[in-house]
2 protein chains.
Amino acid sequence: MQPPATPYLVIDAAVMDANLRRMQAFVDESGIALRPHAKTHKLVEVARHQLELGARGLTVATIGEAEVFAAAGVRDIFIGNPVVTSTPDRLRALTESVRLTVALDSVEGARRLSGIDGLHALVEIDCGLGRTGVEPAGAASIARAASDCGLLVNGVFTFPGQSYSPGAGPGAAAAEASALAAARGELVAAGFVVEVVSGGSTPSAPWTGSGVTETRPGVYVFNDAQQVALGVAAPNEVALSIRSTVISTPVPGRIVLDAGSKVLAADRPPYVTGHGLLPAHPDAVIDRIWEHHGVVDVSRCTNPPRLGDVLDVWPNHVCTAVNLSDEVYVRQGGELVERWSVAARGRNR
Amino acid sequence: MQPPATPYLVIDAAVMDANLRRMQAFVDESGIALRPHAKTHKLVEVARHQLELGARGLTVATIGEAEVFAAAGVRDIFIGNPVVTSTPDRLRALTESVRLTVALDSVEGARRLSGIDGLHALVEIDCGLGRTGVEPAGAASIARAASDCGLLVNGVFTFPGQSYSPGAGPGAAAAEASALAAARGELVAAGFVVEVVSGGSTPSAPWTGSGVTETRPGVYVFNDAQQVALGVAAPNEVALSIRSTVISTPVPGRIVLDAGSKVLAADRPPYVTGHGLLPAHPDAVIDRIWEHHGVVDVSRCTNPPRLGDVLDVWPNHVCTAVNLSDEVYVRQGGELVERWSVAARGRNR
């Protein structure tokens, strides 16, 4: 296949396959179920591969994402965000073909989902991130309200997003296990059968604690500059690059790429260097971006890229980068072999 | 029209129309041509309205954007980024129906566009931003190379992006006028007829200096939280909002919206407060975002939003927000009246 015009996204099939198998092997050895978050890849081809390798089902962020993967044949989906919707009929329609589970973190949220037969729910616990979710002590009242509204309460979940800081994976996993155990205890004491105790993020997954039955990492499929900076992924475990052309070399020490925030995304946590990495030029720093420009300081490079060169860029955060492109290319043995539609791109609702 | 599920983008038609007319009236009074940057709105409906009101043509960022607007009938398009492409045939095809102009900032770039009949070019000048473009003294050699390669050199342009800082509009406009005048002088001295002296950004446009023949603002069509923070736009001049639902109220003083970085975008310049504004709740601060969560500190609000409330959010940077959604809704007299496809969304190449 001929390479398209830049900038475009390319997946290294062998690296991705190794990433998927490594995580599946880890959870299999640990006796944990894997329910990968599909918001990272948004690709039906990858979802199917994850399920073939042994994933229990998928996690998604929105009803729209659930619809895409349900249409692709996925039969067990968890919407991992509190669902407060003006379109309950879409949930009803999904439950006809899918074992659908939603997140709940309020009594009022439970009431709004009354009357959707066969809808499962997990109560969201805050294990320290301070985003959504309740303290473990608040889990039972939400579970009871949900049950009273006809929802099938299967357990509890949390997102230990504090793992996104250097060295924070083990501590985040410990907080996750502790909060989930407490919430599980509250539900058991209230008479619920707790089948699912779900946690997970890519940086915390390797330290998943005992009592956690399921993990939901997303980024591990591709990894990115952020995971490399965190020490969670090795450079040879990064499976997705943005191919970009040098469009300007206006002064010595500076090159400009055609990849800016509309293809790389603008995520820049404090622990990364620049707006992405150039693996072939480790001394280069993408120090400023605009929508269609990536300005790179190459003053420390012995062999800086030249006008017209096409380079791999690793985005800081692959989830938001994938969400910007309608298609990705797949590289195998150095050749582009397939083009996949990013089927769930932009399905934010 | 029934409101769709949130989060979705909505344009206030009356406010947008006033924004478009205000800018057109300003350039008409000033004797400047308007060539708005369509990367902001990516909508053929808005492009047509801009042209009907008197815009000379459009600016776009990529060949792909040019193709979308050419297909919609636009006949004068400037690609305002240096074009270094592996697909010159696409430029050739565009020149058959469009007066197409590209940006150039290198001799090598000019050579790569040899043999495209009827292709116009403007030399890009750096007026202080330090991104693409050359010093005024370098303009003539690029123009000569372009001319030798058969390109039709019409003048010079710059982007005074340093205007994106509080109070920086007038200084940026002065730097723009000065650099463009110097570059124009270089081209005239080298024997070129300089028809186009083009500058512009939304924050600098009101201070456009003499000698500048054309301005290329983009954001003015909608404005955003960034323009309000810069003092460039009044709150009643913000024409695009993201409608978002409160999906969680986990602790007093905190609410969580279903709008995160995948709909608001993650742009956060140092001079704005939070990740967007809630116009109905000026004391609220969107202090943290994830992909599908906007966490809002409402501890200073006397009447904080409640679970299920649907709110307007003004994104920090409307260009990157529009690029995340496949469609926008249009509100007129308080009612949703139309749905437009974001035709140039994701056309990054």
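Computation of the quantities below employed the complete heavy-atom set of this structure, encompassing side-chain atoms and omitting hydrogens, waters and symmetry-equivalent molecules. Convention: sequence-line order gives letters A, B, ...; per-chain numbering from 1.
Considering CG of D267(A) and CG of D267(B), their distance stands at 10.0 Å, rounded to 0.5 Å. Remark: C319(A) SG to H292(B) NE2 distance equals 8.5 Å, nearest 0.5 Å. From N348(A), atom CG reaches atom CD of E291(B) across 9.5 Å, with rounding to the nearest 0.5 Å.
Residue P3(A): no heavy atom, backbone or side chain, is found under 4.5 Å from chain B. Residue R112(A) touches chain B through its side chain alone, counting heavy-atom pairs closer than 4.5 Å. Contacts of V246(A) with chain B are made by backbone atoms alone, with heavy-atom separations under 4.5 Å and no side-chain atom involved. Of the two parts of D105(B), only the side chain, counted from C-beta on, holds a non-hydrogen atom closer than 4.5 Å to a non-hydrogen atom of chain A. The part of R288(B) that comes within reach of chain A is its side chain, from C-beta onward, which places non-hydrogen atoms under 4.5 angstrom from that chain. With a threshold of 4.5 angstrom between heavy atoms, Q2(B) does not approach chain A through any atom at all. Both the backbone and the side chain of L129(B) have a heavy atom closer than 4.5 Å to some heavy atom of chain A.
Per-residue counts of heavy-atom pairs under 4.5 Å with chain B were compared for P82(A), G64(A), A266(A); the largest is that of P82(A). Counting heavy-atom pairs under 4.5 Å between each of G346(A), P7(A), S106(A), S86(A) and chain B puts P7(A) at the top. Here L307(A) is the residue among V256(A), L307(A), T320(A) with the most heavy-atom pairs under 4.5 Å with chain B. Chosen from G161(A), P4(A), S261(A), G260(A), the residue pairing most often with chain B at heavy-atom distances under 4.5 Å is P4(A). Ranked by heavy-atom pairs under 4.5 Å with chain B, the list R254(A), R90(A), H317(A) is led by R254(A). Ranked by heavy-atom pairs under 4.5 Å with chain A, the list N323(B), V295(B), T87(B) is led by N323(B). For the set D326(A), T62(A), D258(A), the entry with the most heavy-atom pairs within less than 4.5 Å of chain B is D326(A).
Contact check for R268(A) versus R268(B): no side-chain heavy atoms found under the 4.5 Å cut-off.
Listed by chain and number, the residues in a side-chain contact (heavy atoms from CB on, under 4.5 Å) with A321(B) are I242(B), P315(B) (sequence neighbours excluded).
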Item checked: Worked check of side-chain contact (heavy atoms from CB on, under 4.5 Å) between R349(B) and T6(A) -> CA-CA 6 Å; R349(B) 49 199 173 98; T6(A) 62; 6.0 Å; no
Item checked: side-chain contact (heavy atoms from CB on, under 4.5 Å) evaluation trace for I247(A) with V83(B) -> CA-CA 7 Å; I247(A) 56 166; V83(B) 174; over 6 Å; no
Expected list for residues 130-139 of chain A: side-chain donor-acceptor pairs under 3.5 angstrom, two or more places apart:
from: R131(A); atom 1: NH1; to: H293(B); atom 2: ND1; distance (Å): 3.4
from: T132(A); atom 1: OG1; to: E124(A); atom 2: OE1; distance (Å): 3.3
from: T132(A); atom 1: OG1; to: E124(A); atom 2: OE2; distance (Å): 2.9

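Under the 3.5 Å distance criterion, the side-chain polar atoms of K262(A) are left unmatched by any main-chain donor or acceptor of R347(B).
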